[in-house]
Amino acid sequence: LLATPYMDEAARCHRVGLIHQGRLLIEDAPAALTRRFPHRAYLVSGDDRQSLEAALEARRELMALTPHGGALRVVVRQAGQSRFEGWLREDDRVTEFESVQPDFEDVFLGLLAEQDDAPAQEAA
């Protein structure tokens, strides 16, 4: 049994359970979790990274944003992918973008975003 906050370590395990605030979100093999993940990840670059990051954070389709070298890695809700790609093509702040395979950290961040989207449930 291994407990780690590092997604690259967890991704090398045979089976994982992703836990947030003491609650098990999902459990399976890391490869199975990334295969089933319905959302898309992108690498997005621009000349003014700060302005681009602010614009990306304002997008409703966005589930997660993390720095990735000189680019920004974003996870986009499945339902908003075509709208988001249209915005990427039209926005002058975006100089380059590519769709990439979601990784294990994208899965975790996406699950957290889905938890935030869910309506608050009353305590039993």
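Note that this is a predicted model, so its numbers are computed, not measured. Values below: every heavy atom of this structure, side chains too, minus hydrogens, waters and symmetry copies.
Separation of atoms CG (L18) and CD1 (I26) is listed at 7.0 Å; rounding is to 0.5 Å. The CG atom of D92 sits 11.5 Å away from the CG atom of L52 when rounded to the nearest 0.5 Å. With values rounded to the nearest 0.5 angstrom, L56 atom CG is found 11.5 Å from F97 atom CZ. In this structure, Q101 CD and R35 CZ are separated by 10.0 Å, a value rounded to the nearest 0.5 Å. Between L111 atom CG and I19 atom CD1 the span is 12.5 Å, to the nearest 0.5 Å. Rounding to the nearest 0.5 Å gives a distance of 4.5 Å between CD of Q115 and CZ of R23.
Side-chain contact between R60 and R83 is absent, with no heavy-atom pair separated by less than 4.5 Å. For the pair P102 and T34, the minimum side-chain heavy-atom distance is 4.5 Å or more.
Below 30°, between 30° and 60°, or above 60°: for F108 and H20 the angle between ring planes is above 60°, a perpendicular geometry.
Residue L25 is grouped with residue L33 when hydrophobic side chains (ILVMFWY) are merged at heavy-atom distances under 4.5 angstrom, including chains of intermediate members. No continuous path of hydrophobic side-chain contacts links L112 to L65 [ILVMFWY only; heavy atoms under 4.5 Å]. Hydrophobic clustering of Ile, Leu, Val, Met, Phe, Trp and Tyr side chains at less than 4.5 Å, counting indirect connections, keeps L43 apart from V76. V100 and F84 end up in different hydrophobic clusters when Ile, Leu, Val, Met, Phe, Trp and Tyr side chains are linked at under 4.5 Å. Transitive grouping of hydrophobic side chains (ILVMFWY, heavy atoms separated by less than 4.5 Å) keeps F37 and V74 in distinct clusters.
With respect to the salt-bridge test (charged N to carboxylate O, under 4.0 angstrom), the residues E105 and R73 do not qualify.
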List the steps, then state whether side-chain contact (heavy atoms from CB on, under 4.5 Å) holds for L72 with R49. CA-CA 8 Å; L72 298 166; R49 184 170 162 169; 3.5 Å; yes

Given side-chain contact (heavy atoms from CB on, under 4.5 Å), test V75 with T66 step by step and report yes or no. CA-CA 9 Å; V75 178; T66 53; over 6 Å; no

Working note: Q81 + Y42, criterion side-chain contact (heavy atoms from CB on, under 4.5 Å); need CA distance, chi angles, decisive distance, verdict. CA-CA 10 Å; Q81 289 171 0; Y42 297 85; 4.1 Å; yes

How far apart are the C-alpha atoms of V16 and E27, what are their side-chain angles, what is the distance that settles it, and do they pass the side-chain contact (heavy atoms from CB on, under 4.5 Å) test? CA-CA 6 Å; V16 296; E27 181 182 355; over 6 Å; no

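In summary, of the residues considered (E114, Q78, R77), a side chain to side chain donor-acceptor pair (under 3.5 Å) with H39 occurs for E114 alone.
No more than 12 heavy atoms of other residues, nucleotides or ligands shown are found within 6.0 angstrom of CD on E96. Heavy-atom contacts from other residues, nucleotides or ligands closer than 6.0 Å to CG of D8 number more than 12.
Under a 3.5 Å cut-off, the side chain of R59 and the backbone N or O of A55 do not form any donor-acceptor pair.
When all heavy atoms of D106 and A41 are compared, the pair lying nearest together is OD2-CB, 3.6 Å. Among all heavy-atom pairs drawn from A10 and F104, the shortest one is CB-CE2, 3.6 Å.
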